[in-house]
Each structure stands twice: as C-alpha cells, then as structure tokens.
Amino acid sequence: MSIPMPRPPRKNPVLRTPQMNLPPSARGRVALGLAAAAAEGRLELQVCACCGAVQYPPREACHRCVSDDLRWTPQSGAGQLLATTVLDHSNDLYFRERLPWRLGMVQLDAGPSVMVHLHGEVGDAPARVRVGVRLDRAGQAVLIGFPEKASETMEQDPMLREMGSDPQYRKVLVTDGKSAVGQAVVKALVKAGADLVWVGHAEPWKKLPGLAEIQALPPVTLVPLDVTDERSVRELAGEIGGKVDIVVNTAEYHRAFGLSARRGTDVAKAEMEVNYFGLLRLAQAFGPALKGRSADGPVHATAWVNLLSIFALSNFPAQGTFSASKAAALSLSQNLRADMRPAGIRVINVFPGPVDEEWNQNLPPPKVAPAALATAIVKALRDGVEDVYPGDVSQEWLHRWRDNPKVLERELAAGGM
C-alpha cells in the first residue's frame with residue numbers, strides 16, 4: 001500500500017525557484033496515437049485490420065503481414081510481469097533528479113512485450129499486473145505497470161503524483177463561484193484536500209444562493225474577479241498569481257436561442273466577452289506565473305482547467321451563439337495548451353453535455369448534474385488527462401462527431417440532438 005503523502009513544508013521564500021526539466025519528448029508521428037488515447041485516459045495499441053496482430057511499439061506497417069491498415073484499439077492492459085530493474089543513474093536531467101526509478105518488462109495477454117514504469121505497490125516478478133497509460137509532464141504517453149488490485153492510497157504514489165495534478169495540498173483558483181457548477185467545483189476541491197481555494201465573484205453586492213455556504217468552508221476565500229474587466233483580472237493576478245497551483249475557469253455566459261430568435265449582437269458579444277476574451281485575459285495574467293512555478297517543490301503549479309461544452313465540436317443551432325463562443329474558446333485553449341506544455345503545465349478541457357441549470361431547463365434529460373461535473377473535473381486532475389467528456393449526451397455526441405462530423409451537423413440542423 002502506498003504511503004499517504006504528508007503535508008509538504010512551507011516553501012523557503014529566500015530560495016530560488018528551480019527551473020523545469022521535462023522528460024524526453026521526441027516521438028515519431030505514428031507514436032502520437034498512443035498519446036491521443038492517453039489524453040482521454042485510454043490504453044490503445046495498434047491492431048492490424050488484415051491479420052489481427054497487436055503490436056508495440058507503434059510502427060508504420062504490421063510486423064507480421066506488413067499491412068499498413070493499422071487501427072488504434074482499446075486494450076485491457078492485463079499481463080505478466082517478467083522482470084524488474086531499478087535505474088540508479090541517468091544522463092537525462094529529468095530522471096537524474098528523481099532517481100531511483102523502477103522499471104519492468106511485461107508480457108501483455110494481447111501479445112506484445114512492453115517496458116513500463118512500475119508503480120510502488122507492484123512486487124517482484126513474476127506477478128500479474130495491469131498496464132495503464134498516463135501523460136508525463138511533457139504531454140507524451142508513458143506506460144505504467146499497476147497492481148491488479150488497487151488500494152485506497154494508490155494515487156499517492158510519487159510517480160503518479162508527478163504525472164497527475166492532484167489538488168491535495170494545492171492552492172486553487174476557481175474563477176466564478178456564482179454558478180451551480182462553480183459552487184460544486186469548489187466543494188469537490190475542498191473534499192479532495194485542496195489547501196486553499198480562491199473563489200472569484202463579480203458583482204459582490206448580489207446576494208446569490210450558495211455563496212454563503214461555500215464561503216463558510218475553511219479553505220475558501222472569496223476574491224473579487226470579473227473576467228470581462230482586464231483591470232480586475234490583472235489586480236487579482238498581482239495579488240495571488242504567484243501562489244496559485246491550479247486554475248479552474250468556470251466563468252461562463254450562457255444564453256439560449258438561435259440566430260433568428262434574437263435581434264442584435266449584444267448577447268453574442270456578452271458570450272464572447274466571458275467565454276472567449278475572459279479566458280484570454282486570465283491566460284495572459286495568470287499563465288506566466290504558473291509557468292514560473294512549474295518546478296516549485298512537491299506541490300508545484302500544475303494545471304489549468306477550462307469548462308467548455310460539447311457544443312464546441314459541432315454547433316447546436318438552438319444555442320447557436322453560445323456554441324460559437326465555446327468553439328472559439330476551444331481553439332484558444334489549444335493555443336494555451338501549446339504555450340503551457342514547455343513548462344509542464346497541463347491544460348484540461350472539459351466538454352460536458354447540457355448541464356442541469358436554468359438555461360437548459362427546457363432541454364429534455366439526460367443532463368449533467370453540477371456535482372457530477374465537479375467530480376469529473378477532480379478525477380481528471382488526479383488522472384492527468386487532457387480532455388474530459390462527462391455525461392451521456394457528451395459521450396454520444398463525441399462518438400457521432402468522430403464517426404462523421406458532417407452527418408452530425410446535418411442531424412443537428414434538422415432539429416436533432
């Protein structure tokens with residue numbers, strides 16, 4: 001059983017913040033299919049469509065029949081640990097700072113033999129293990145050998161904490177605590193052990209339901225933050241930017257109706273002002289501080305979470321301008337991910353279906369409960385994934401979009417969902 005992580009000591013402010021060294025990240029294009037699946041928490045290997053051979057490492061052609069019809073297919077990861085070794089020396093700066101590092105060779109039940117990083121609860125060979133995949137600090141997929149039976153403290157393993165963004169003992173900024181989703185996220189972070197949660201709220205004179213409840217939680221501090229006001233964003237960044245480890249951007253302006261059901265551009269501008277320009281202001285103000293603290297001890301700055309929408313993938317005409325604002329935010333968040341990656345900061349995009357809130361009250365179920373969405377966000381932080389699709393509608397839309405985005409567009413235009 002993994003030893004629970006003790007509360008880290010306070011940082012000595014006199015000491016210089018160390019620079020980030022990332023693990024080796026060079027990969028061929030064909031190998032990026034492994035990382036694409038890992039970004040959503042799945043282990044996938046190439047399977048030949050002609051002969052059925054499962055192969056690893058990734059190649060351009062099948063090792064058995066030389067076919068180039070190779071498809072990335074989910075795998076269980078079950079296998080037999082054949083041998084183990086401990087790396088005590090490395091010329092690579094990233095691993096040299098983290099030695100000793102335990103490795104193992106696993107024969108997968110699916111066929112291939114793979115070299116994996118070993119979880120601390122895995123014993124000596126021979127032993128049954130479960131191979132999973134995680135994204136490392138460089139955003140590349142690595143294979144990890146897990147014990148067959150998970151323990152309650154398995155996520156406390158130092159290697160997994162290094163590859164994830166567990167909010168335990170970390171300081172988090174939730175950009176908007178007025179909404180039901182924002183308040184649920186705050187409660188989930190407190191339950192997960194966050195050391196301090198700053199909760200942004202614009203228009204503090206409004207006595208909104210739920211704010212008093214979350215303000216009463218010991219780790220929670222309300223702070224003034226209006227993402228439509230650049231001065232407000234920069235002032236808060238100047239005050240707490242150097243302390244924040246995780247940013248969870250829950251700020252959202254959501255109005256229903258399509259193009260022909262509304263006159264003028266005021267609502268569309270308001271949606272863009274919050275959903276797109278709000279993210280841009282936050283990224284410019286808080287991004288440099290997060291990047292500067294990405295190697296700052298055991299609870300370094302680690303992640304940025306964006307609350308998007310499954311409507312960002314394909315426009316939902318009944319909420320047309322809202323969908324467009326989320327599509328713009330998705331593009332910007334991809335830019336943010338590329339900007340943050342050299343510092344090892346993970347950008348997590350969350351694509352829920354319709355959330356059970358006032359602006360979706362006329363949509364039929366199923367709808368995602370705010371508490372379920374908050375749980376999915378905390379799980380994504382712990383697992384170190386990049387893209388999350390919570391809820392039945394989100395999963396169905398994703399499947400249809402990947403199958404044929406043009407068909408999905410026409411189904412939605414015809415009034416489907």
Flag the pair [X] / [Y] as yes when at least one side-chain heavy-atom distance between them is below 4.5 Å, and no otherwise.
| X | Y | result |
| --- | --- | --- |
| Pro354 | Val393 | yes |
| Leu330 | Leu313 | yes |
| Val172 | Leu196 | no |
| Leu189 | Val174 | yes |
| Val305 | Val350 | yes |
| Val247 | Leu282 | no |
| Pro352 | Ile310 | no |
| Leu412 | Pro317 | yes |

Between [X] and [Y], does at least one N-O distance fall below 4.0 Å, as a salt bridge requires?
| X | Y | result |
| --- | --- | --- |
| Arg402 | Glu40 | yes |
| Arg96 | Asp88 | no |
| Arg346 | Glu162 | no |
| Arg71 | Asp69 | yes |
| Lys171 | Asp245 | no |
| Glu386 | Arg341 | yes |
| Asp229 | Arg231 | no |

Let me confirm one number: the [atom1]-[atom2] distance from [X] to [Y], rounded to the nearest 0.5 Å.
| X | Y | atom1 | atom2 | result |
| --- | --- | --- | --- | --- |
| Tyr389 | Leu398 | OH | CG | 5.0 Å |
| Leu336 | Ser331 | CG | OG | 11.5 Å |
| Ser394 | His399 | OG | NE2 | 13.5 Å |
| Met340 | Asn335 | CE | CG | 10.5 Å |
| Ser294 | Ile345 | OG | CD1 | 5.0 Å |
| Leu34 | Arg42 | CG | CZ | 11.0 Å |

For [X] and [Y], test the side chains for any donor-to-acceptor distance below 3.5 angstrom and give the result as yes or no.
| X | Y | value |
| --- | --- | --- |
| Asn360 | Gln319 | yes |
| Asn306 | Trp304 | yes |
| Asn275 | Ser325 | yes |
| Glu357 | His254 | yes |
| Gln107 | Ser113 | yes |
| Thr250 | Asp176 | no |
| Glu273 | Thr228 | no |
| Arg130 | His119 | no |
| Glu230 | Gln284 | no |

Taking all non-hydrogen atoms of both residues, which atom of [X] and which atom of [Y] are closest, and how far apart?
| X | Y | result |
| --- | --- | --- |
| Leu373 | Pro390 | CD1-CG, 3.6 Å |
| Ala125 | Leu81 | CB-O, 3.5 Å |
| Pro219 | Val190 | CG-CG1, 3.9 Å |
| Leu381 | Pro167 | CB-CD, 4.2 Å |
| Met159 | Leu118 | CE-O, 3.5 Å |
| Ala380 | Ile348 | O-CD1, 3.9 Å |

Any side-chain to backbone donor/acceptor pair from [X] onto [Y]? Under 3.5 Å, distance only.
| X | Y | result |
| --- | --- | --- |
| Asn349 | Asp387 | no |
| Asn315 | Gly320 | yes |
| Ser309 | Ala312 | no |
| Arg281 | Val227 | yes |
| Arg170 | Asp166 | yes |
| Ser232 | Asp226 | yes |
| Ser151 | Met154 | yes |
| Thr175 | Ala251 | yes |
| Gln46 | Leu70 | no |
| Ser314 | Leu408 | no |

Is the His117 ring parallel, tilted or perpendicular to the Phe95 ring (thresholds 30°, 60°)? parallel

Salt bridge (charged side-chain N to carboxylate O under 4.0 Å, His left out) evaluation trace for Asp124 with Arg102: CA-CA 11 Å; Asp124 295 330; Arg102 194 161 170 252; 3.7 Å; yes

Count the heavy atoms belonging to other residues, nucleotides or ligands that lie under 6.0 Å from [atom1] of [X], then report whether that count exceeds 12.
| X | atom1 | value |
| --- | --- | --- |
| Lys291 | NZ | yes |
| Asn404 | CG | yes |
| Arg128 | CZ | yes |

Tell me whether the NZ or CZ atom of Arg98 lies within the 45° cone about the ring axis of Tyr94 and under 6.0 Å from its centre. yes

Sort and list the pairs that fulfil salt bridge (charged side-chain N to carboxylate O under 4.0 Å, His left out) and have at least one residue in residues 316-333, not counting sequence neighbours. Glu252-Lys326

Between Val355 and Val181, is a side-chain contact (heavy atoms from CB on, under 4.5 Å) present by the stated rule, with each step listed? CA-CA 8 Å; Val355 180; Val181 170; 3.7 Å; yes

Only counting residues at least two apart or in another chain, list the ones meeting side-chain hydrogen bond (donor to acceptor under 3.5 Å, both in side chains) with Tyr169. none

List the steps and the verdict of side-chain contact (heavy atoms from CB on, under 4.5 Å) for Glu148 and Val129. CA-CA 5 Å; Glu148 273 197 311; Val129 295; 5.8 Å; no

Would you please test Arg137 and Glu97 for salt bridge (charged side-chain N to carboxylate O under 4.0 Å, His left out) and show each step? CA-CA 14 Å; Arg137 295 292 302 276; Glu97 293 173 352; over 6 Å; no

Taking the six-membered ring for Trp and the single ring otherwise, decide whether the centroids of Phe351 and Trp397 are under 6.0 Å apart. no

